[in-house]
Enquirer: 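What follows is a structure written as structure tokens; I'll ask about it next.
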There are 6 protein chains.
Amino acid sequence: MAQRAIYPGSFDPPTFGHLDIAERASGLFDELIVAVGTNSDKQPFLSVAHRIESLTECMAGLKNVQVSSFDGLLVDFAEAQGCQVIVRGLRAVSDFEYEFRVAMANRRLRPGIETLFLMSRDEHSFLASSVVREVARLGGDTSSFVPPVVEAMVREASRARQAR
Amino acid sequence: MAQRAIYPGSFDPPTFGHLDIAERASGLFDELIVAVGTNSDKQPFLSVAHRIESLTECMAGLKNVQVSSFDGLLVDFAEAQGCQVIVRGLRAVSDFEYEFRVAMANRRLRPGIETLFLMSRDEHSFLASSVVREVARLGGDTSSFVPPVVEAMVREASRARQAR
Amino acid sequence: MAQRAIYPGSFDPPTFGHLDIAERASGLFDELIVAVGTNSDKQPFLSVAHRIESLTECMAGLKNVQVSSFDGLLVDFAEAQGCQVIVRGLRAVSDFEYEFRVAMANRRLRPGIETLFLMSRDEHSFLASSVVREVARLGGDTSSFVPPVVEAMVREASRARQAR
Amino acid sequence: MAQRAIYPGSFDPPTFGHLDIAERASGLFDELIVAVGTNSDKQPFLSVAHRIESLTECMAGLKNVQVSSFDGLLVDFAEAQGCQVIVRGLRAVSDFEYEFRVAMANRRLRPGIETLFLMSRDEHSFLASSVVREVARLGGDTSSFVPPVVEAMVREASRARQAR
Amino acid sequence: MAQRAIYPGSFDPPTFGHLDIAERASGLFDELIVAVGTNSDKQPFLSVAHRIESLTECMAGLKNVQVSSFDGLLVDFAEAQGCQVIVRGLRAVSDFEYEFRVAMANRRLRPGIETLFLMSRDEHSFLASSVVREVARLGGDTSSFVPPVVEAMVREASRARQAR
Amino acid sequence: MAQRAIYPGSFDPPTFGHLDIAERASGLFDELIVAVGTNSDKQPFLSVAHRIESLTECMAGLKNVQVSSFDGLLVDFAEAQGCQVIVRGLRAVSDFEYEFRVAMANRRLRPGIETLFLMSRDEHSFLASSVVREVARLGGDTSSFVPPVVEAMVREASRARQAR
């Protein structure tokens, strides 16, 4: 059975943790869509364009991965893309509860789509985009959290904010 | 001893989970006040009037339940209403911690008032108002999360937001 | 409505935390049965007789409380005693999960019986019978964990074990 | 890519929760092996033969599922069976931690094998084999936790224990 | 080895829990800096000046403690102050995860600086600045959460907000 | 102030996680005692002699560390050794709760002794002695969990068990 999976997230910014999940998921399914959710109420840190550009660059070596964005319900987008599987990474207890709430909702909305969880690698257990944003905001070095292409964007976004 | 209990919440919107807790609590106490807290700093999703109206309709069959609202400290309102017991539902670990912080504070403020927790029914373990608001915001179907009267209000509220 | 509640546990040994829950529960219901479960597979630390004796002495001032024991399913005993409500204390996350598993099972076995949870007082948040047993086993002073009558029994039980 | 997955467990006894995970996993992979681990130090409740027999009967309708047992390291068995994927169900926080410890160990032992987690259905959130064993031991009705074929075995196992 | 430690926080407002951690930490290290972080994006409840003033007054009896503020990365400030140790209090599960994320980030940013955690005293297990702010906002009495000097500031801050 | 700290544990067997905590703690205090608790009710996996021998070998490079064992209450041993500080590693939620129960008990038994927690390094977040014992029991390779000297002892212990 040819499996097409979707790995959704806000990726604001993408971290080494996200890239690890995407890479491992790409080895498990025939095709993987890394999908940037753009419909949050919150003001983003990186623009959608920057998030897509950096993810695309980071995923360049993985032939069965494509990067995309969506702005409605995830399950609608997944269905439209022919994905039966949603992939998410799990790090810690708070993730667990949030992820289960979302997975429960998605199952009620579209029972035929299944959510699969991958455990984050040990070294990414406590790595979160929110921490990266906070370090960047305070002028810290984010090179141990995100790949170089993202780091440059993060630095630029922080400077732009400061200037305002 | 004639027990009068209060079930406070923001109920924004009321979900099947809230209704279940209210119904079960109404079977345990002589009188139950379902009390909509209106003093949050946050901009509500449903108006207080809509929340009271929908709760009142949903509770219509329970003769010992009345729906009300309050805008100061919960323990002041509870005391003024002659309630010795606060009822809250518990779903998951994050609830647990938040609820315990609030219950601790309420006990210090008014030691004579006790907080009792009911466990959410299995099928509501991961059902949260925040998930309902998010699904509604994205145009999804909320009929498996909330009763029909609430669903109509939720749809209307989402449309009004979109229009802004 | 005259409410009869049951507060079950292994109480091996009873701690200040158990006594606090029992006392608070006795103020919420017309009658309260503190019920020592005797059917565990595990070798108990205190005998059932000692647990009942010490609980009875500690509860002596509460006129609407009686101490009892049971050895089958809790819900069967609760029903036989005319109790519609099971009371349990909650301290921490591990409690929470264990208690919810048991409450879920009890609800499926007897849907008409409701489990209510009381939050442990702050100073008992991390107090557990297992810790008391461990301290006693190593010859430590348990007077800050259990009332004097229990302390004497705990000391005696530890000595008897050592002698074996 | 033809995916072969393994769903390991002690299944002592199999519950509705296990069957749900197995059924959903069978829809996600080309082949699924439900594998009963037989090497625990603990005295089992149901014999391995009974666990295999009942799982086989329950899985009869799923053509791509086979039931098996193993008694060494899971990753050795998975590799010998040509499985790249281990499937596990997740219910609650304590599961989460235990499962992550095991998944971490399995990844270090065999980095090429990936563990995927499925979220338990709402109604199985607090259902555990240990609860079923306890209810059975006390003579309670386990029909809302396990399928009929398992229920009969559980009853028999409890009676045999009692007789000893 | 002469140890200099830093106890950072937003202390908005300082609670009895914060004071307890500071006092205990001051007994463990040669010098302790209680450092008010001023760089949050959020609108503070108490001004930095008020937070420093009240902490200074509360710490007056501890000769090896000084109160300070900082507005960049904590690890930069710690290093500039010659502190090898960051001290933090831990109360509950949600603290635990947040604190570990921050500690992980700080370790990656400055591997030579170590974070040490102290367990909050039982009676402060569920005491949080956010609860104090909420009680104050609703006109409640905060005297069981914060020392008198803080209470006066909290009352004043709430009145000023109301007036707006 | 010359600080003497104790790092107690069962170390059965010592893992890379234990060694990391010991090493980091040795950099924070003037002297560190790594203390093997020998009074557990449970049958140990490695003998106390083997645990002390391997810890001593692994700590050989750290001049301010000594390895010892104790068999009564930890706080009695700590006090006899002139230690004001107990050091423990924290990994996950279940650790957190267990550790807090023990720390609470130790504080009540000896208020002058303080427990400090160090966060486990990311790569040891899910590494537990129990997992090592289980892998060893099943004949797996434990070299990614424990240092070579421990691995040899673990292998020998597993063989001896098998032979029985």
Side-chain angles (χ1 to χ4, degrees), chain B residues 1-7 17 20-32 62-65 78 83-126, chain C residues 1-7 17 20-32 62-65 78 83-126:
Chain B
M1 106 193 57
Q3 283 278 25
R4 218 171 136 80
I6 188 166
Y7 174 32
D20 173 53
I21 296 291
E23 190 177 324
R24 285 156 58 201
S26 80
L28 291 169
F29 301 97
D30 296 292
E31 289 179 79
L32 180 74
L62 302 167
K63 292 310 173 201
N64 65 337
V65 177
C83 298
Q84 188 199 352
V85 172
I86 297 166
V87 172
R88 293 286 294 165
L90 273 185
R91 288 163 308 183
V93 171
S94 54
D95 270 14
F96 169 83
E97 291 205 2
Y98 171 77
E99 294 292 340
F100 269 38
R101 286 190 183 173
V102 172
M104 178 280 297
N106 285 335
R107 189 188 297 160
R108 291 204 184 172
L109 291 169
R110 210 69 93 252
I113 296 181
E114 194 66 73
T115 303
L116 287 174
F117 297 98
L118 282 169
M119 177 191 164
S120 288
R121 237 177 244 291
D122 306 343
E123 62 266 34
H124 307 316
S125 303
F126 293 103
Chain C
M1 109 192 55
Q3 283 278 25
R4 220 172 135 79
I6 188 165
Y7 174 33
D20 173 53
I21 296 290
E23 191 177 324
R24 287 156 58 200
S26 80
L28 292 169
F29 301 97
D30 297 293
E31 290 179 77
L32 181 74
L62 303 167
K63 292 312 171 203
N64 65 337
V65 176
C83 298
Q84 185 198 356
V85 173
I86 297 167
V87 172
R88 292 286 294 164
L90 272 185
R91 287 164 310 183
V93 170
S94 53
D95 269 14
F96 169 84
E97 292 204 1
Y98 171 77
E99 294 292 340
F100 270 37
R101 286 190 182 171
V102 173
M104 178 278 299
N106 285 334
R107 189 186 299 157
R108 292 204 185 173
L109 291 169
R110 209 71 90 255
I113 296 181
E114 194 65 72
T115 303
L116 287 175
F117 297 99
L118 281 169
M119 178 191 162
S120 288
R121 236 177 244 292
D122 306 341
E123 62 266 34
H124 307 316
S125 304
F126 294 103

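Small disclaimer: the values here were computed from a predicted structure and weren't measured. In what follows, every chain begins at residue 1, and chains take the letters A, B, ... in the order their sequences are listed.
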Enquirer: Non-hydrogen atoms of chain C under 4.5 Å away: do they reach the side chain of R88(B), the backbone, both or neither?
Expert: neither
Enquirer: Pick one of side chain, backbone, both or neither for R91(C), based on which atoms fall under 4.5 Å of a heavy atom in chain B.
Expert: backbone
Enquirer: Give me the contact list for residues 98-106 of chain B versus chain C, heavy atoms only, anything under 4.5 Å, ordered by residue number.
Expert: F100(B), A103(B), M104(B)
Enquirer: Run the side-chain contact (heavy atoms from CB on, under 4.5 Å) check on M119(C) and L90(B) step by step: do they pass?
Expert: CA-CA 12 Å; M119(C) 178 191 162; L90(B) 273 185; over 6 Å; no
Enquirer: Which pair of non-hydrogen atoms, one from D122(B) and one from R107(C), has the smallest distance, and what is that distance?
Expert: N-NH1, 4.2 Å
Enquirer: Applying a heavy-atom distance below 4.5 Å, give me the residues of residues 111-118 of chain B that approach chain C, sorted by number.
Expert: E114(B), T115(B), L116(B), F117(B), L118(B)
Enquirer: Any non-hydrogen side-chain atom of D30(C) less than 4.5 Å from a side-chain atom of Q3(B)?
Expert: no
Enquirer: Is it the side chain or the backbone of S125(C) that comes within 4.5 Å of chain B heavy atoms, both, or neither?
Expert: neither
